[in-house]
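Below: one structure, written as structure tokens.
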Amino acid sequence: MNHLLPLVIVTPLLGAALLVAAGRFVPRPAAEALACALAAATAALALHLLLHAPSPVIDWLGAWTPRNGHSVGIVLHADRLALGTAALVSLLVLAVLVYSWRYFDEPPRKHAGSFPALVLLFQAGMCGFVLTGDLFNAFVFFELMGVVAYALTGYRVEAAKAVQGGLTFGVVNSLGAYAMLMGVGLLYARTGELAMRHIGAALDARGAPDALVLAAFVLLLTGLLVKAAAVPFHFWLPDAHAVAPTPVCMLLSGVMVELGVYGTARIYWTIFSGPGGIPPETVAHTLLTFGVLSAAVGALMCWYQRHIKRLLAFSTVAHTGLFLIGLALLAPEATGGTALYLIGHAGVKAALFACAGILLDRYGSIDEYALHGRARELRLTAACFTAGGLALAGLPPFGTALGKAVTEEAAGPWLTALFVLVSAVTGGAVLRVAARVFGGHGTPPAAGEERETSGEGERPETEQQLTRVPATMLAVPGVLLVGALLAGVLPALHSAVGSAADEAAPGVTVALTPPHWSAPGILLGLLSAAVAAGLAVLAVRRPQHTRSRHWLDPLRLLHSGHIGDYVAWTLAGTTLLGALALTGLL
Amino acid sequence: MMDVLPYLVAAWIFLVGCYGLATSRNLIHAVGCLAVCQAATYVLLLSVGYRHSGTAPVFADLTPHTRPVVDPVVQALALTDVVVGATVTALLLALVIQVAKRHHTLDPDELSELRG
């Protein structure tokens, strides 16, 4: 029992309530300072528990402990992986609050507390989802972070695209959440338990899995993969990320989407990994299929975007695919590598979005073509954006590169090739944008086609168009990139992440060597960074997009922005998931 | 047959809600369809907790162990689920109002700014 644990969720929740109640009467700096302080306090608390409390930290809320092995209470079950993720979430929330210091127009109805309150509520939802050991509770927190994210996406209600993106996001994600709840209901019907560990034990006691367990697995995974934006559940993500306010994008792409992968891992490990669950080979080929699809589609779509935030959003799809592959390997080394990759990616992706936000607020556009050569004077932003592109491609010694290298080592040659290609293409797309926008290289491409999202005519999110970039907006991407760099060079962090992943994954009894740099890993990282740079140079020299037809057009037409289409794709994805899981069982 | 009927009904309600969402020509109708999908979860949860000839789990006028009661846990879950559903529906309808104001349409076929 450790009664400090619930405070990780309660602190931001109370802060949000306080800000909503008092936000009308306090000046804006006070509201934002309070939010920053509470986010920092939550991060400190999570780190304190991570470093000083014996793992796992367990708390039955209200002391509703199990009797005779049965429980009706709600349990928080935090091993070091969970606490580390909660700390990562809280630190990124802090970075976002600092970035959005004096960022927006005067908030609606003179209510200074509304935006920081929503961000804190988002933090509470994410921390709760990470720390809970109760399956229904996980659904509630899943929906809480979902609802806050829809509200934050549509925060600027006067922007036409933002409300459309927020609505699409809301409908698709809530549908996934309801599928997840159906799965929770089925598991409760079978086991009479809601605590994840008790469900797993009860399933194992019953013997081999049957159709009901399979259905529950498919439904739970549908919800989590919608959140993780795995292809074909991903359609909501680019629409939401392209239009959400930049600080919100940093959170959505940096941690929220990755929590879908975290949830998948958690639910497989604690519920379905035993003899009464789903066989490991089945889980492996199911997750591998979705991972490879997401990585490939995400990378291709990323390359052909001109809307910079949309480009970054598709790179998130691609990288989530890589995380799913890392998870699908079901090897402890790969899990540790994936966790490290995720940490590095959170810093890098948030930094890239922060730089994109600077462009938007400085020039009132987020379009690669329209901005061609206009951002030459922003040297520091250019440096951050380029470094972010190289880190995304996997340049050592960034944390992304180490995580990728360790995962590749466990993945075998074909998947290694995919990892190198996908990270090179997404990193290359970012470097291409950097070369055109900040360097003015190449000729500005001719006007694009009508059926793509351009980034022109966007409105800056700050009070007026910025004439100079505020220090906070520039410092945040810098610090985030330094964080991603430290994730790659601190051996203490590597061994901590490695042992946390070993502890979380079932069946690891001996201590494994923590993630570490190896010569092939460094060479592969350098290779993918070089390929990324090469792709960017080629693209700048020879502008694409001048042709009227392109072989990728059918794929791009699928991203229609139509809610009905996206729901149909979600159902198709569930069917594919069911078919893959079923073939493994037969 | 009567044992599986509630589960079949839940699955049918969920799928019919999805069908409505996929073919919707009006965003308010789409949000309604999402609420239909959620109604399927209520049916599922309540049928999971049902006991034959069970009564409400209120022990004020009932001596424990004299007659079966339905499972109160799923009822608590269903209540929580109703709260979640109300929040989601209210928020999505608010977004629909904003979509109607900015785009001057409620037909998803005519929203075409986000694509490719």
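Keep in mind that the numbers below use all heavy atoms, side chains included, and drop hydrogens, waters and symmetry copies. Each chain gets a letter, A, B and so on, in the order the sequences are listed, and its residues count up from 1.
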**Item:** Inter-residue atom distance A:Lys161.NZ - B:His103.NE2, 0.5 Å rounding
**Value:** 9.5 Å
**Asked** Would you find a donor on one side and an acceptor on the other, under 3.5 Å apart, between the side chain of B:Arg102 and the backbone of A:Ala162?
**Response** no
**Item:** Flag if over 12 foreign heavy atoms under 6.0 Å of CZ, B:Arg51
**Value:** yes
**Item:** Interatomic distance, B:Thr87 atom OG1 to A:Glu143 atom CD [nearest 0.5 angstrom]
**Value:** 8.5 Å
**Asked** Does B:Cys18 reach the side chain of A:Leu175, with side-chain heavy atoms less than 4.5 Å apart?
**Response** yes
**Request:** Could you look at B:Leu27 and say if it's the side chain, the backbone, both or neither that has a heavy atom under 4.5 Å from chain A?
**Result:** side chain
**Prompt:** Does B:Tyr19 reach the side chain of A:Leu571, with side-chain heavy atoms less than 4.5 Å apart?
**Reply:** no
**Asked** Would you say the side chain of B:Asp71 lies within less than 4.5 Å of the side chain of A:Tyr188, judging by non-hydrogen atoms?
**Response** yes
**Fill in**
Residue from B:Leu45, B:Thr80, B:Leu92 scoring the most non-hydrogen pairs under 4.5 Å with chain A is B:Leu92
**Fill in**
Assert top hit (heavy-atom pairs under 4.5 Å, partner chain A, pool B:Leu77, B:Thr23, B:Ile97) equals B:Leu77
**Request:** Tell me, out of A:Val184, A:Val171, A:Ile563, who's got the most heavy-atom pairs with chain B below 4.5 Å.
**Result:** A:Val171
**Item:** Sub-4.5 Å side-chain heavy-atom contact between A:Phe136 and B:Val74
**Value:** no
**Prompt:** So which of A:Gly561, A:Ala151, A:Ala160 has the biggest tally of heavy-atom pairs under 4.5 Å with chain B?
**Reply:** A:Ala160
**Message:** At a 4.5 Å cut-off on heavy atoms, which part of A:Val163 comes close to chain B: side chain, backbone, both, or neither?
**Reply:** both
**Request:** Flag the pair A:Leu186 / B:Leu44 as yes when at least one side-chain heavy-atom distance between them is below 4.5 Å, and no otherwise.
**Result:** yes
**Item:** Check: B:Leu111 and A:His562 side chains under 4.5 Å, non-hydrogen atoms
**Value:** no
**Contacting moiety of B:Ala40, where chain A heavy atoms sit under 4.5 Å** = both
